[in-house]
Asker: 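I have a structure here, written as structure tokens, and I will follow up with some questions on it.
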Amino acid sequence: MNKILVTGGLGYIGSHTVVALQQEGFEVVIIDDLSNANEDVLYRIGKITGITPQFEKFDLRVKSLVERFFSENKVAGIIHFAASKAVGESMENPLLYYENNIHSLVYLLQACEKHAIRNFIFSSSCTVYGEPDSLPITEEAPVKQAVSPYGNTKQINEEILNDTCRATKLQAISLRYFNPIGAHESAEIGELPIGTPQNLVPFITQTAAGLRKELSVFGDDYPTPDGSCIRDYIHVVDLAKAHVIALQRLLNKKNASNFEIFNLGTGRGSSVLEIIKAFEKVTSKKLPYKIVDRRPGDVIAVYADTTKANSVLGWKTEKTMEEALASAWGWEKKIRGV
Ligand code: UD1
């Protein structure tokens, strides 16, 4: 029995992970409410892997539907992506974020207990570290007071998982992502934000495709070498593979404790201006941009210490930031027909 439930499996990181799981021989069932994804992705996954996964469309906030799903489907593990993820929206509507991101986890964990499902991978974020005291960031770095309700839901969810792992037979791994970018090499799946992109790379590719006039660089007066913020940009295909490895760790009972945490990043920091230059180089396109005020809530610099992920999880990134940018552009060109 190697059927794996992927919640939010039609979303950006979820869809790449479904592809990686299927390529490793896992059978996948996806739950997605299509609130921020398109059903078309299902067929695109089928096009890449030759297998169209089982798909159940419903909202995980509806407990009776969660219960019904688990009474009808037997799964060996769960990778839980389904969540609201826009920082700004969470500031305007915190209760939506607490309702969506917390209820769905609790209902899934109740189902795990009832149906003896022991293996759970959680989609967390480096946002839990806030502005770190030192770089690179290890998993031992303190979790700082969250700046946004979105970030707070990630922290609370990790606490819920930790408590549940202590009290039940659940084994969980929380994966703290740095900045996922890029798309599958087939350009069949990628990031497709609704409305104006809030994240850097989709804004860059939409600007290059002519959908946006220019990129706004949020501040060039930070205490960094070129004054712009530094992040650890990781190729989404590398990130997806880490989920398969983490799942296998649990299924093969190789985990060192019931609740483990791993940073998923490249270990290298790039500034916003470096990303722009790299994008221009790999695409041979000039990117129009202007420097504007800092964006409230942005941290100055974050990048991962990947020692634990490399040596304990046995995973490391294979793709470069340049490859990630090229693939993001390949995806944008394909969907816009440019
Ligand atoms: C943040 C969180 C991340 C979360 C994500 C959700 C941190 C360190 N990271 O990512 O965990 O999952 O939000 O959206 O808290 N930028 C511009 N112009 C733009 C857009 C972005 O200059 O139009 C800059 C930002 O100031 C930042 C960098 O690009 O320095 C990356 O921004 P973005 O892609 O939004 O990701 P984070 O804010 O790092």
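Atoms within a ligand are numbered from 1 in the order they appear, just like the ligands themselves. Keep in mind it's a predicted model, so treat the numbers as computed, not measured.
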Asker: Salt bridge check, Lys290 against Glu214: does any charged N sit closer than 4.0 Å to a carboxylate O?
Answerer: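 The answer is yes: the pair qualifies as a salt bridge.
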Asker: Quick test of your reading of the model: are Glu131 and Lys144 salt-bridged, counting only N-O distances below 4.0 Å?
Answerer: no
Asker: Could you pull out the closest heavy-atom pair between Gly9 and Ile45, with the gap in Å?
Answerer: O-CD1, 4.1 Å
Asker: Residue by residue, ordered by chain and number, which ones reach under 4.0 Å of ligand 1 with a heavy atom?
Answerer: Lys85, Val87, Ser125, Cys126, Thr127, Tyr150, Asn179, Gln198, Asn199, Leu200, Leu215, Ser216, Val217, Phe218, Cys229, Arg231, Tyr233, Val272, Arg295, Asp298, Val299, Val302
Asker: Do Arg294 and Tyr222 meet the cation-pi criteria used here (NZ or CZ under 6.0 Å from the six-membered ring centre, within 45° of the axis)?
Answerer: yes
Asker: Would you mind reporting whether Ile78 and Ile4 have side-chain heavy atoms less than 4.5 Å apart?
Answerer: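 A side-chain contact is absent here, since even the closest heavy-atom pair is not under 4.5 Å.
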Asker: For Val236, give me all partners under side chain to side chain contact (heavy atoms under 4.5 Å, CB included), at least two apart in sequence or on another chain.
Answerer: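 Listed in chain order: Tyr12, Ile13, His16.
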